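As the structure is a prediction and not an experimental result, all values here were calculated from the model.
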Amino acid sequence: MWYFRHINKIRPSLNLKSLARFNHVQVKESIKRLQISKVLIANRGEIACRVMRTAKKLGIRTVAVYSDADKHAMHVEMADEAYHIGPAPSAQSYLNAAKILDIAKKSNSHAIHPGYGFLSENVEFCEKCTKEGVIFIGPPPSAIRDMGIKSTSKAIMSSAGVPIVRGYHGEDQSIERLQAEAQKVGFPLMIKAVRGGGGKGMRIAMTEEEFLPQLESAKRESLKSFGDDNMLLEQYITDPRHVEVQVFADMHGNVVHLFERDCSVQRRHQKIIEEAPAPGLSENTRKAIGEAAVRAARAVGYVGAGTVEFILHRVTHEFHFMEMNTRLQVEHPITEMITGTDLVEWQLRVAGGEPLPLTQEEVVRRGHAVECRIYAEEPSAGFLPRAGTLHRLRQPAPEDNVRIETGVREGQEVSVHYDPMIAKLVVWGRDRNEALAKTRAKLSEYQVAGLETNVNFLLRLSGATAFVSGDVHTAFIPQHEAELFPASDQRLANQRSIHAALGFLLNSQRNNSITPNWKGISVESASWRPNYQLRKTIPLKFEDKDLKVTIEYETAPNSYRVQVNDGEWQQIEATLRDTELGLRLITRIGDRTSNVGLLTYEDQVHVYDEVVKGQPLFVVIAMKMEYVVRSPRDGVVANVAAVKQGDAVGKGAQIVLLEDAS
């Protein structure tokens with residue numbers, strides 16, 4: 001009866017004939033069923049939270065692991081149990097295989113879900129799990145090993161009839177041999193680390209003269225990242241598309257594909273926006289690439305979720321095998337959206353010995369889905385990652401066709417130690433145009449303060465003319481730089497700075513006080529008085545931006561003259577308004593009115609602030625319980641201890657010192 005409910009949930013149109021076939025497989029199967037009632041997630045952030053949601057839905061208890069940097073993280077709060085595994089650097093925590101396996105045994109976890117990254121494709125860890133009797137939710141070690149070594153994977157794929165790119169995948173790694181093989185393959189040429197991934201250890205030599213310097217650079221990076229500097233050489237296909245196929249296999253010999261995804265638009269060889277299905281492909285091409293991916297999975301005796309990646313020619317749509325990722329991908333939600341499946345549920349059931357819930361004929365594609373990766377990074381500065389506190393984080397509300405995959409909340413840190421992803425916005429539409437329109441609408445709902453993000457860049461990207469037409473490829477961003485990085489970006493930055501400066505001053509005026517250094521904004525004129533009715537110049541400096549905002553004002557008419565750096569003066573009317581959405585700044589320049597939200601810090605305690613008896617001063621957490629410490633009397637804050645959110649404080653520590661009000 002469980003199977004009937006489960007299959008109908010995935011595929012409402014499944015008929016009784018299919019159910020009978022499925023039950024027949026269930027009766028005849030010889031694989032021993034394994035009961036997974038507790039799973040340890042050897043990961044962090046959004047993927048750990050994603051796995052936990054499905055596990056809880058299935059009644060499976062979850063165990064989290066966390067580093068010093070993640071002790072207050074969302075995945076720790078979601079788990080039934082949580083264990084500390086070490087300092088913040090991943091090498092001492094999330095990559096500590098021995099510690100994680102020890103916790104799995106200590107917590108009586110039946111299985112370990114590795115998520116993606118970290119230990120997800122670590123052969124030795126997979127083997128140790130098997131040796132210790134802990135289920136590794138992923139493929140067998142042999143498949144990870146074969147697909148992790150690119151030269152080996154190319155040979156296996158060629159034997160299985162999967163198209164591969166012309167190149168050299170040999171064991172002779174002498175400089176002389178590599179140089180000779182490079183000349184045979186021809187230029188431009190791709191140099192890849194044999195054990196590489198994520199764009200590391202990868203270089204392009206456009207000419208023979210560039211080959212040796214690029215080879216040396218790739219070898220250094222590969223040795224540092226993977227402990228191995230062996231290289232393979234491949235013909236470089238200029239500006240190709242990156243198309244990948246989701247495959248799934250069980251222990252009974254069943255293998256299916258769940259259609260393809262297009263991940264062509266990338267920065268630093270890393271994905272930023274993905275969609276399913278790939279735009280513009282014929283049904284014959286979709287069928288051929290899906291079947292090739294299934295052959296690839298069968299060739300290595302695959303079990304579980306995997307992704308076969310292909311290079312696809314932009315014009316001819318001829319495709320070649322690139323690599324296979326032996327784990328769940330970051331972008332798996334878009335496949336779930338177009339197939340109505342839960343791939344994490346499939347992982348857990350297959351790891352327990354169950355057959356695949358659907359045959360290839362029963363996997364149906366519906367509509368179009370888009371995923372945007374929301375990163376703390378600065379696109380205009382080469383997509384450099386950013387770290388710090390998310391002072392404000394407002395995301396779109398989840399809907400039936402909108403998913404928000406995240407592992408952080410407002411007020412939490414984006415750590416320097418890990419990937420700076422804040423969230424994944426996943427949107428489904430009846431067709432590609434609807435999905436893209438909805439994506440842009442949802443991106444515009446994001447409110448993030450404290451860190452630079454790529455949200456505005458994604459808005460421009462998803463609305464770019466060539467992207468909307470489906471002309472996507474790996475060189476899309478540099479080729480469309482003018483449209484994606486318009487000169488108006490600086491004007492937008494200036495406008496935001498003006499709003500922040502005006503909001504700061506008006507809020508200070510309303511409270512009849514001014515804070516000398518207020519979250520990145522400092523006042524450079526000490527003579528300012530908030531309620532003085534004369535015309536004044538107030539220079540404000542933004543600490544993390546090379547911007548200086550100068551404001552001349554008269555308080556009565558709410559009229560201001562504002563200048564950014566040495567630019568032109570602008571006449572602005574500005575007022576503050578309390579609304580249900582919080583404090584809003586209303587500005588008018590000419591015939592244009594803007595209404596923006598302000599993030600204020602009135603809830604924080606500052607030196608010289610006056611407080612009244614019973615006013616909250618700070619919050620401490622003990623045994624996961626919050627305790628609000630309130631002022632015992634009226635007074636003035638004389639000193640605040642140099643502690644920040646998340647710091648541990650000892651018994652009897654002095655946090656706030658009060659003096660009597662004069």
Side-chain angles (χ1 to χ4, degrees), residues 1-34 36 54 57-58 137-140 143 160-162 243-261 276-278 281-308 310 324 326-329 332-367 369 428:
M1 195 63 189
W2 174 86
Y3 283 107
F4 181 77
R5 289 197 300 271
H6 175 58
I7 296 173
N8 270 345
K9 182 177 181 181
I10 296 176
R11 203 48 224 295
S13 61
L14 188 62
N15 57 34
L16 292 178
K17 183 178 179 181
S18 298
L19 180 63
R21 178 203 57 75
F22 196 80
N23 281 334
H24 181 65
V25 172
Q26 177 194 7
V27 171
K28 285 199 167 185
E29 61 143 305
S30 60
I31 300 296
K32 182 181 178 182
R33 294 294 179 84
L34 301 171
I36 300 178
T54 289
K57 180 182 72 174
L58 299 176
I137 300 177
V162 179
V243 175
E244 61 187 33
V245 179
Q246 178 72 60
V247 294
F248 228 104
D250 62 24
M251 301 176 191
H252 308 269
N254 302 308
V255 185
V256 300
H257 71 80
L258 293 95
F259 306 105
E260 79 285 348
R261 301 183 286 253
L281 300 190
S282 68
E283 289 305 314
N284 286 339
T285 300
R286 296 188 202 281
K287 184 174 184 291
I289 201 170
E291 290 174 348
V294 169
R295 289 199 303 274
R298 289 191 184 279
V300 293
Y302 204 79
V303 174
T307 299
V308 185
F310 295 92
M324 184 175 188
T326 54
R327 53 172 168 79
L328 198 66
Q329 291 279 84
H332 75 273
I334 54 176
T335 294
E336 294 178 323
M337 295 289 263
I338 66 167
T339 58
T341 56
D342 182 335
L343 297 185
V344 174
E345 180 176 345
W346 281 35
Q347 283 188 300
L348 292 167
R349 295 194 182 282
V350 165
E354 297 181 19
L356 293 178
L358 301 175
T359 66
Q360 188 64 67
E361 294 72 24
E362 293 165 347
V363 179
V364 177
R365 185 183 80 230
R366 186 178 69 93
W428 181 90

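Checked by atom type, the side-chain pair Arg365/Thr339 shows no donor-acceptor distance below 3.5 Å. Side-chain N/O atoms of Arg327 and Thr307 include no donor and acceptor closer than 3.5 Å.
The minimum heavy-atom distance between Val294 and Val256, with the atom names listed, is CG2-C, 4.1 Å. The minimum heavy-atom distance linking Ala292 with Phe310 is given by the pair CB-CZ, 4.1 Å. What you find for Asp250 and Pro355 is that their closest heavy atoms are OD2-CA, 3.3 Å. Scanning all heavy atoms of the two residues, the minimum distance from Gly367 to Pro277 falls at O-CD, 3.6 Å. Taking all atoms of both residues into account, the shortest heavy-atom contact from Ala249 to Val255 is CB-CG2, 3.8 Å. Between Thr326 and Ala143, the shortest heavy-atom contact is CG2-O, 4.0 Å.
Considering only residues two or more places apart in sequence or on other chains, Arg295 meets the side chain to side chain donor-acceptor pair (under 3.5 Å) condition with none of them.
You'll find the side chain of Glu260 reaches within 4.5 Å of the side chain of Leu281, heavy atoms only. When side chains are defined from C-beta on, Leu58 counts as touching Arg349, because their heavy atoms get closer than 4.5 Å.
In this structure, Gln246 CD and Trp346 CH2 are separated by 9.0 Å, a value rounded to the nearest 0.5 Å. In this structure, CZ on Arg366 lies 4.0 Å from CH2 on Trp428, to the nearest 0.5 angstrom. In this structure, OH on Tyr302 lies 4.5 Å from CE on Met324, to the nearest 0.5 angstrom. Separating the OG1 atom in Thr335 from the CG atom in Leu328 is a distance of 9.5 Å, to the nearest 0.5 Å. The CZ atom of Arg286 lies 11.0 Å from the NE2 atom of His257; values are rounded to the nearest 0.5 Å. With rounding to the nearest 0.5 angstrom, the CG atom of Leu343 is 4.5 Å from the CD atom of Glu336.
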Apply side-chain contact (heavy atoms from CB on, under 4.5 Å) to residues Arg261 and Gln329 and explain how you reach the verdict. CA-CA 11 Å; Arg261 301 183 286 253; Gln329 291 279 84; 3.6 Å; yes
Quick one: do Phe248 and Asn254 satisfy side-chain contact (heavy atoms from CB on, under 4.5 Å)? Show the steps, please. CA-CA 8 Å; Phe248 228 104; Asn254 302 308; over 6 Å; no
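In summary, Lys287 and Glu291 engage in a salt bridge, as defined by a charged side-chain N under 4.0 Å from a carboxylate O. A salt bridge between Lys57 and Asp342 is present, with a side-chain N of the basic residue lying under 4.0 Å from a carboxylate O of the acidic one.
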